[in-house]
Undergrad: 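Shown below is the structure under consideration.
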Amino acid sequence: MLCIETKDLRKKYASTVAVDGVDLQIESGQVFGFLGPNGAGKSTVIKLLTTLISPSNGKISVLGIDSAKHPLEIRKKIGVVLQQPSYEPTLSAEKSLEKYGMMWNIDKKIRKKRTEELLSAFGLEEIRKKKMDDLSIGQRRRVQVAREFMHDMDLLFLDEPTVGLDPAARRKLLDFLREQVKNSGLTIFYTTHVLSEAEYLCDNIAIINNGKIMAVDSPSELKNRFGHEKTIKIHISTVSEELKSKLSTIPECQIKLEPEPTVIINSTKSEIVLMNILKILNETDTKINDLSAIPTNLEEIFLKVVGDSN
Amino acid sequence: MIRINPIIRLVNRNLTISINPGFIIWQILFPLIYIFVAGFAYTALIDSVPFGGKNLDYPAFLASGMIGFNIMNSTLISGIIIWNDRRHGMFEQIMSGPFTRTHYILSNIVTIGIIGLFSAALITAVGYPVFFDSVEFNIVTIPLIIFGSVVGAILFGSIASIISVKLRSSEGFNVIINTVFLFCAFASTAFYPVQGAPQPLATIFYLNPLSYLVDIIRAGIFGQVTDFVITEMLVLVGLAAILFVIATKLLTKLDF
Ligand SMILES: Nc1ncnc2c1ncn2[C@@H]1O[C@H](COP(=O)(O)OP(=O)(O)OP(=O)(O)O)[C@@H](O)[C@H]1O
Ligand SMILES: [Mg+2]
């Protein structure tokens with residue numbers, strides 16, 4: 001089933017086009033990563049999908065419900081952790097969870113049980129009695145994310161939920177989210193700037209820039225598509241005129257003289273190019289000092305996709 | 001699972017976050033101390049106050065004025081809730097949950113209605129011995145008091161809401177809301193009779209909606225429903241309606 005579907009989604013503000021013709025088709029039961037540089041339009045898309053703001057143009061269907069017609073019906077079935085903090089300053093961590101469950105009309109008994117479970121799952125037991133106002137920023141963020149699991153939902157939006165979390169809490173959260181998707185068939189729409197996190201968690205990833213979707217695929221497919229252009233660096237001792245002229249016949253390589261003489265190969269077939277270059281280096285008696293290949297990761301793909309689109 | 005109305009759920013939340021010791025002291029203890037200390041201390045200066053066809057002694061006059069003052073004060077709550085919700089991200093959070101803006105607005109009205117009526121009832125009960133001699137409750141006057149309380153709560157709640165929507169900085173919000181409410185409190189007939197005031201001040205008293213609210217409540221307690229009080233009721237209702245529409249418009253347009 002399609003969990004989220006948008007057609008030609010646009011959002012204009014006075015001077016900016018925040019979202020510029022986004023078409024999304026997201027299947028249920030997965031973690032969908034939504035990546036993009038600052039100001040790309042990620043949070044705006046989340047606000048549109050959660051019916052907080054209405055689009056300037058285009059159609060949105062969430063969980064099969066038309067957002068223009070029945071926004072409240074959508075909101076009843078989703079959970080949202082927005083990018084900005086949200087908390088009741090005067091309540092304790094424990095009471096915040098409890099009251100949030102009450103606001104979602106969760107039975108008192110279930111509320112109590114879930115509060116205990118979540119306090120433990122998010123490592124909040126020690127600060128359960130502390131007022132939200134007195135918590136550290138990361139602790140507050142943990143309560144905010146934990147709180148969203150007080151109620152049942154089919155779809156959860158998380159806008160940079162791990163900002164401010166320490167590495168252990170971060171990993172704990174990612175594993176908790178994976179578990180939820182596996183056990184309850186929850187779908188998660190997830191934004192982050194930490195690409196290793198996206199690689200660890202997401203089944204599919206979309207990259208957005210300037211309000212437009214640049215690529216959508218699984219992390220491994222994205223690597224295949226964009227990451228097959230490998231980079232190999234050969235550090236050499238000297239650059240002779242002969243070497244220069246011979247290398248100029250190979251367009252996939254370039255010579256850099258600073259900080260040390262280096263031949264850089266940037267190609268989809270870097271292995272074959274490498275063979276040719278080694279031959280030339282041999283012919284010209286050039287000594288190789290060092291050689292390195294840079295493995296592709298999501299970060300590079302991100303930089304490449306975003307760089308290309310700019 | 002029993003479905004509890006979303007407005008009731010929000011009211012539950014509003015009451016939980018608003019009721020704290022500081023608020024209770026301000027809301028209940030301060031008026032009571034004021035009634036007993038000021039009421040009796042000023043009796044020496046202000047002998048009796050003519051109201052409708054009656055002469056009230058000053059403690060009775062003050063205690064009845066305190067009810068109106070307390071209703072106005074309790075509506076500060078709605079401004080504080082809205083302002084805090086926006087500042088701490090709870091407004092967006094609620095609006096992305098199973099609620100509508102109408103739920104949110106109505107829950108605020110119900111909240112100040114409950115706190116307003118509760119504190120009015122409390123001051124009435126405790127102040128009762130003070131104005132016992134002159135009281136004339138009857139079938140017309142009790143609904144009048146409740147009506148006045150509710151309309152007054154909506155009126156001042158709307159003012160507080162408008163201020164909270166318009167102001168973003170903490171200093172601005174506190175300064176403006178305290179100035180407006182303090183001005184309303186002291187330039188009104190809540191604490192001093194208009195008869196004793198010099199002419200310009202007396203005019204200001206009647207540019208102030210709290211004077212109308214206080215007069216209506218006094219009319220209810222002491223059974224003096226005059227033509228003037230009926231005019232005041234119409235003005236109060238009209239003003240409350242206008243301010244409520246403005247507050248609702250502003251809240252509905254609030255962007256994220
Ligand atoms: N209320 C608003 N009024 C005017 N412009 C806005 C508003 N909200 C967002 N924008 C603009 O829309 C664009 C997209 O913003 P958005 O918050 O969606 O970015 P983002 O991808 O979430 O960035 P970040 O990674 O920094 O959170 C930005 O250029 C921003 O300035
Ligand atoms: Mg954002």
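Convention: sequence-line order gives letters A, B, ...; per-chain numbering from 1. Quick caveat: nothing in here was measured; it's all calculated off a predicted structure.
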Undergrad: Side chain, backbone, both or neither: which part of A:Leu52 has a non-hydrogen atom closer than 4.5 Å to chain B?
TA: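 It is both, since atoms from each part get that close.
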
Undergrad: Is the shortest heavy-atom distance from the side chain of B:Gln93 to the side chain of A:Gln84 under 4.5 Å?
TA: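 No, too far: nothing below the 4.5 Å cut-off.
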
Undergrad: For the CG atom of A:Leu91 and the CG atom of B:Asn20, what is their distance to the nearest 0.5 Å?
TA: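 A:Leu91 CG to B:Asn20 CG: 10.5 Å, rounded to 0.5 Å.
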
Undergrad: Is chain A contacted by the side chain of B:Phe99, its backbone, both, or neither, given a heavy-atom distance below 4.5 Å?
TA: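 Contact with chain A: backbone and side chain both.
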
Undergrad: Would you mind telling me which of A:Lys99, A:Glu98, A:Met102, A:Glu88 makes a side chain to side chain contact (heavy atoms under 4.5 Å, CB included) with B:Thr16?
TA: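 Between B:Thr16 and the candidates, side chain to side chain contact (heavy atoms under 4.5 Å, CB included) is satisfied uniquely by A:Lys99.
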
Undergrad: For B:Leu10, is it the side chain, the backbone, both or neither that has a heavy atom under 4.5 Å from a heavy atom of chain A?
TA: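 Interface part for B:Leu10: side chain.
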
Undergrad: Let me know if A:Phe157 has heavy atoms under 4.5 Å from chain B in its side chain, its backbone, both or neither.
TA: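 Neither part; nothing is under 4.5 Å.
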
Undergrad: Between B:Ile94 and chain A, which part of the residue has a heavy atom less than 4.5 Å away: side chain, backbone, both or neither?
TA: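 For B:Ile94, side-chain heavy atoms alone lie under 4.5 Å from chain A.
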
Undergrad: In terms of heavy-atom proximity below 4.5 Å to chain B, should A:Glu73 be classed as side chain, backbone, both, or neither?
TA: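 Contact with chain B involves no heavy atom of A:Glu73 at all.
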
Undergrad: Might you point out which heavy atoms bring A:Trp104 and B:Gly97 nearest each other, and give the distance in Å?
TA: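 Looks like CZ2-CA, 3.8 Å.
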
Undergrad: At a 4.5 Å cut-off on heavy atoms, which part of A:Lys77 comes close to chain B: side chain, backbone, both, or neither?
TA: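 Neither part, no heavy atoms under 4.5 Å.
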
Undergrad: Hey, are the side chains of A:Ser86 and B:Met90 touching, using non-hydrogen atoms and a 4.5 Å cut-off?
TA: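 A side-chain contact exists here, since the closest heavy-atom pair is under 4.5 Å.
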
Undergrad: When you compare the side chain of A:Met132 with that of B:His88, does any pair of heavy atoms fall below 4.5 Å?
TA: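 Result no, sub-4.5 Å side-chain heavy-atom pair not found.
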
Undergrad: Side chain, backbone, both or neither: which part of A:Arg140 has an atom under 4.5 Å from a heavy atom of chain B?
TA: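 A:Arg140 has no heavy atom closer than 4.5 Å to chain B.
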
Undergrad: Quick check for you: to the nearest 0.5 Å, what is the distance between B:Met95 atom CE and A:Thr50 atom OG1?
TA: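 If we round to the nearest 0.5 Å, B:Met95:CE and A:Thr50:OG1 are 12.5 Å apart.
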
Undergrad: So do A:Val80 and B:Glu92 actually touch side chain to side chain, heavy atoms under 4.5 Å?
TA: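 Side chain of B:Glu92 against side chain of A:Val80, heavy atoms only: no contact under 4.5 Å found.
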
